[in-house]
Amino acid sequence: MIKTLLAYIIISAALCACGGKNKANDTAGASAAEPCGPVFNADSAYSYCAAQCDFGPRVMNSEAHERCGEWIAGRFEAYGMTVTRQKAVLRGYDGTQLKSTNIIASHKPERKERVMICAHWDTRPWADNDPDSANHRKPVLGANDGASGVAVMLEVARLLSSADSLSVGVDFVCFDAEDWGVPSWSDVRDDGNSFALGAQYWAANPHVKGYKPRFGVLLDMVGGQGARFYREAFSMQYAPGVVEKVWDAAELLGFGSYFPVENGGMISDDHVPVNQIAGIPTIDIVPYYPECEASSFGPTWHTVHDDMSHIDRNTLQAVGQTVIQVLFSEGE
Ligand code: AHN
Ligand code: ZN
């Protein structure tokens, strides 16, 4: 009994050895030597992923999109976050007026020192990379490409609502209108700005004037089977220190195999306007499948097969626990 108690005390001490509240063991900002923060529950994240898919594809201007957005905002509110719904009408590549809502959920909004975690929540209207061209104008369900990033953020938010050892404030930014980019069957030429419309809008109009978190982490397609998160090139260009911080955290937790210290692709994603327009050093955790012929984003990317049957709890766990580690090892 006493042995068990002692072991518990030692483990608890180890779990708290990082973060700004234990300065004796940790120089502020230095990377943590021990795992810290709460245990990420992958079953919970999986259920948040499924719950979004249950609305159907969350395509811009659809009722499923509207209803799912309210569900997401409601979950963050239930976890005690201050939620901002940033509405705008954005113009798609084809001139369609897109009713966009960026959902921003703030944990401890009064804190000045902050970290941003972000992901897109809309899903692609067209499965234009499907092996069967008969599916190219059908919507993508987006279990991975849409729901997974939000699911990890919701699970982290749930854990933050009862955690007391976090030294920074956290903003969860759910970008809308990411995936209305020019489809492969269109003759419109992509100027490189047709994706990430919600992020472009937010970066030019942040929810708080002069918003400057320490850094940002974008989660895009973080639940796929066989996913490996190589270092993405824009992230290396704009925020190499954040890449190192995150990859070190993954390695420390034993998730090094999910986060190879190797270069992947250069991906135009929501983090590009966040870096270029808002000036917030932000990285992209996005999978890279060097061997996959269908797409370097993996076999289900922009296909009608991006559903829950290809979501792997272990991938959610690797990413979610790494995000927890990064947040809880930030000093005051
Ligand atoms: C490009 O396809 C150029 N970028 C990927 C952005 C994206 C789409 N992420 C998810 N869906
Ligand atoms: Zn997509």
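Both ligands and their constituent atoms are indexed starting at 1 by order of listing. Residues: numbered from 1 along the sequence shown.
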Assign the ring pair [X] / [Y] to parallel, tilted or perpendicular, where the plane angle (0 to 90°) is split at 30° and 60°.
X      : Y      : answer
His302 : Phe195 : parallel
Trp121 : His65  : parallel
Tyr258 : Phe255 : perpendicular

Between ligand 1 and Glu178, can you find any atom pair, the residue atom being a heavy atom, that is separated by under 4.0 Å?
yes

With carbon and hydrogen excluded and only N/O/S kept, which atom of Asp179 is nearest the Zn ion (ligand 2)?
OD2

Atom name of the N, O or S atom of His302 nearest to the Zn ion (ligand 2) is NE2

Does Arg137 count as lying over the ring of Trp185, i.e. NZ or CZ under 6.0 Å from the six-ring centre, within 45 degrees of the axis?
yes

Would you kindly check if the NZ (Lys) or CZ (Arg) of Arg158 is within the cone defined by 45 degrees around the ring axis of Tyr79 and under 6.0 Å from the six-membered ring centre?
no

Side chain or backbone of Val286 under 4.0 Å from ligand 1, or both, or neither, by non-hydrogen atoms?
neither

For ligand 1, note which part of His302 has a heavy atom under 4.0 Å away: side chain, backbone, both or neither.
side chain

Gap between atom CH2 of Trp247 and atom CZ of Phe229 - 0.5 Å precision
8.5 Å

Within ligand 1, which atoms have a heavy atom of Met221 less than 4.0 Å away?
9 (N), 10 (C)

Which residue holds the protein heavy atom closest to [atom], what is that atom called, and what is the gap in Å?
atom                    : value
atom 8 (C) of ligand 1  : Asp179 OD1, 3.2 Å
atom 2 (O) of ligand 1  : Trp301 CZ2, 3.8 Å
atom 9 (N) of ligand 1  : Asp220 OD2, 2.8 Å
atom 10 (C) of ligand 1 : Asp145 OD1, 3.1 Å

Geometric N/O contact Ser268 with ligand 1, under 3.5 angstrom:
yes

I'd like to know: is the Zn ion (ligand 2) within the 2.8 Å range of an N/O/S atom from Asp145, strictly under that distance?
yes

Is Glu110 atom CD crowded by more than 12 heavy atoms from other residues, nucleotides or ligands, each under 6.0 Å away?
yes

Does any non-hydrogen side-chain atom of Phe259 lie less than 4.5 Å from one of Glu251?
no

